Amino acid sequence: MLLQRPVHSIRPLTTAHLAQTMSLLELPALELRQKIEAELSRNPALELVEECRCPTCHRILYGNQPCPFCIQSSYSNPEEPIIYLSSRGDFFEPTAKKTTLPDLPEENLTPSSEDLPHYVMRQIAPELLPEDRTIAAHLLTNLDDDGLLAVPISEIAYYHHLPAARVEHVLRQIQHADPLGVGSPSPQEALLIQLEFLSESRQVPPKCDQAILSGLDLLSHHRYPELAKLLKISVSQAKEISRFISQNLNPYPAHAHWGDNHQTPKGSENSVNAYHFADVIITCLHELEDSPLVVEIAMPIHGTLRVNPLFREALHQAPPEKAELWHSDLEQANLFVKCLQQRNHTFVRLMQKLAILQRNFILHGESQLQPITRAALAEELGVHESTMSRAVAGKTIQLPSRRIIPLAMFFDRSLHIRTALKQIVNEEKLPLNDAQIVSRLSELGFPVARRTVAKYRAMEGILPAHLRSSNHVQA
DNA sequence: CTATGGCACGGATT
DNA sequence: AATCCGTGCCATAG
């Protein structure tokens, strides 16, 4: 509440304004950045002023908003999220590619994988030695569409005149960043890293690592008997391994869009959905359970965009032949800044509602998701539902757990049921068939049809009952 | 005969 | 107006 500036004074005056606000609203951060840069270089009336920092806590803020952290040092209500706009443009800087590695071939950068490098770099940069960042950048520039490393390590080591071990060290950090296994030279290695990570928190089938190492081919062709023979295990154990892998691991890190685990084994479908950086970052103040959420809405630029006051002044002395042009530039600059404010305003309000409503989801995961429709939220916010759709579309959000998910997941109608289903299957003693799952679910208060359970199962990559036979026979 | 997946339809959502 | 999603019916595999 406190941090909302009186933006209501901005009325959509012209259709141009409306149209532009709309178009800005649907832009995710990275594209917004391009848009802003384009506008900035085209229009002399716009300028980017120094980043604003809160004088006390030094957070980078966008615009002259009061720093939400320092305004109220006592947070009366932990439910109330702290929301602010930041302008940490550096996250989105393609410097790694452009400035530090000027003579790298750019061809192997395909559009669909272009922002994965930035996303990863963002995570690991703070922990990296400055001189290692160049190596990281080099590695990340050479990811293929699948998120795997496309060039041999030795080549990179050679390029930098460094021992391979050094490069491997950096690569290891990359591999442990969020799309787990990203940058691995092979699917095998990616799988192994994911496996290693999972085994810390969860039980994994025995010989799983060996299956990946030596039997991946058999595995992907579902030739269980042969696999079983190779590893000297039973066929059902082989199936168990297969189930585990297809359910929990992903050989192609770039395909792992979080929350939607459709496995695409060989067919390299490059869907539009590649979420690699976040438009909104949610963290927990002080890691405490009941501390307020901190919602950072990322403006993808350094500093604050505004109309250049000098330009405004200069308008009076404009040479007659330029006057008209300057005037229209000024107009447009004004419009653009206002539209941007409006976009941010809408976004802030949206996140405020969401952060309160989905607090449990944000903190405690998928089972706590409140099913809500965009329409309902639009109603509450008093905006048109199409506005909501635009605001949500294509945006991503980073949770305190560092997971990045599409904002649309906040409006998933079936996620909580699917997680309930997952849990039922995980805890089942012997495989339940779909009909039995239906009754278990309805006991839990989820009335769904049998056919629907089948679909959810498929979505979660859970095999049908007869294929997940004798579930936990190992050990 | 039973459990599942495919196709398609209608209503809700965007 | 276009798309998504839950569901029913039917074919098929085991």
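Naming: A, B, ... by sequence-line order, numbering from 1 per chain. Please read these numbers as outputs of a predicted model, since none were measured by experiment.
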Please tabulate, for the side chains in residues 444-453 of chain A, all donor-acceptor contacts under 3.5 angstrom to protein atoms that are two or more places apart in sequence or on a different chain.
none

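Between the C1' atom of dT7(C) and the CZ atom of R457(A) lies a distance of 16 Å, rounded to the nearest Å. Spacing between atom CD of E460(A) and atom P of dG5(B) amounts to 14 Å, rounded to whole angstrom units. We find that CZ of R390(A) is positioned 16 Å from P of dA2(C), with the value rounded to whole Å. Here dA13(C) presents its P atom at 18 Å from CG of D434(A), a figure rounded to the nearest Å. One atom, CD1 of I437(A), and another, C1' of dT4(B), lie 12 Å apart when rounded to the nearest Å. Rounded to whole angstrom, the span from the CG atom of L467(A) across to the C1' atom of dT4(B) amounts to 10 Å. For Q436(A) and dT4(B), the CD to P distance is 9 Å, given to the nearest whole Å. Atom NE2 of H416(A) and atom P of dG6(C) are 10 Å apart (whole Å).
Between R33(A) and E37(A), at least one side-chain nitrogen of the basic residue sits less than 4.0 Å from a carboxylate oxygen of the acidic one, meeting the salt-bridge criterion. Checked for salt-bridge contact, E366(A) and K422(A) meet the test: a charged N lies under 4.0 Å from a carboxylate O.
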Counting primed atoms plus P, OP1 and OP2 as sugar-phosphate and everything else as base, spell out the protein contacts along nucleotides 7-14 of chain B at 4.0 Å heavy-atom distance: B, S or - for each nucleotide, 5' to 3'. BB----SB
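Remark: D209(A) pairs with no residue by the side chain to side chain donor-acceptor pair (under 3.5 Å) rule, at least two apart or across chains.
Remark: of the listed residues R390(A), K35(A), K395(A), R390(A) is the sole one forming a salt bridge (charged side-chain N to carboxylate O under 4.0 Å, His left out) with E26(A).
Taking only side-chain nitrogens and oxygens, Y456(A) comes nearer than 4.0 Å to OP1 or OP2 of dG6(C).
S386(A) comes within 4.0 angstrom of no nucleic acid atom, judged by non-hydrogen atoms across all strands.
Atoms CG and CD1, on L293(A) and I82(A) in that order, are 9.0 Å from each other to the nearest 0.5 Å.
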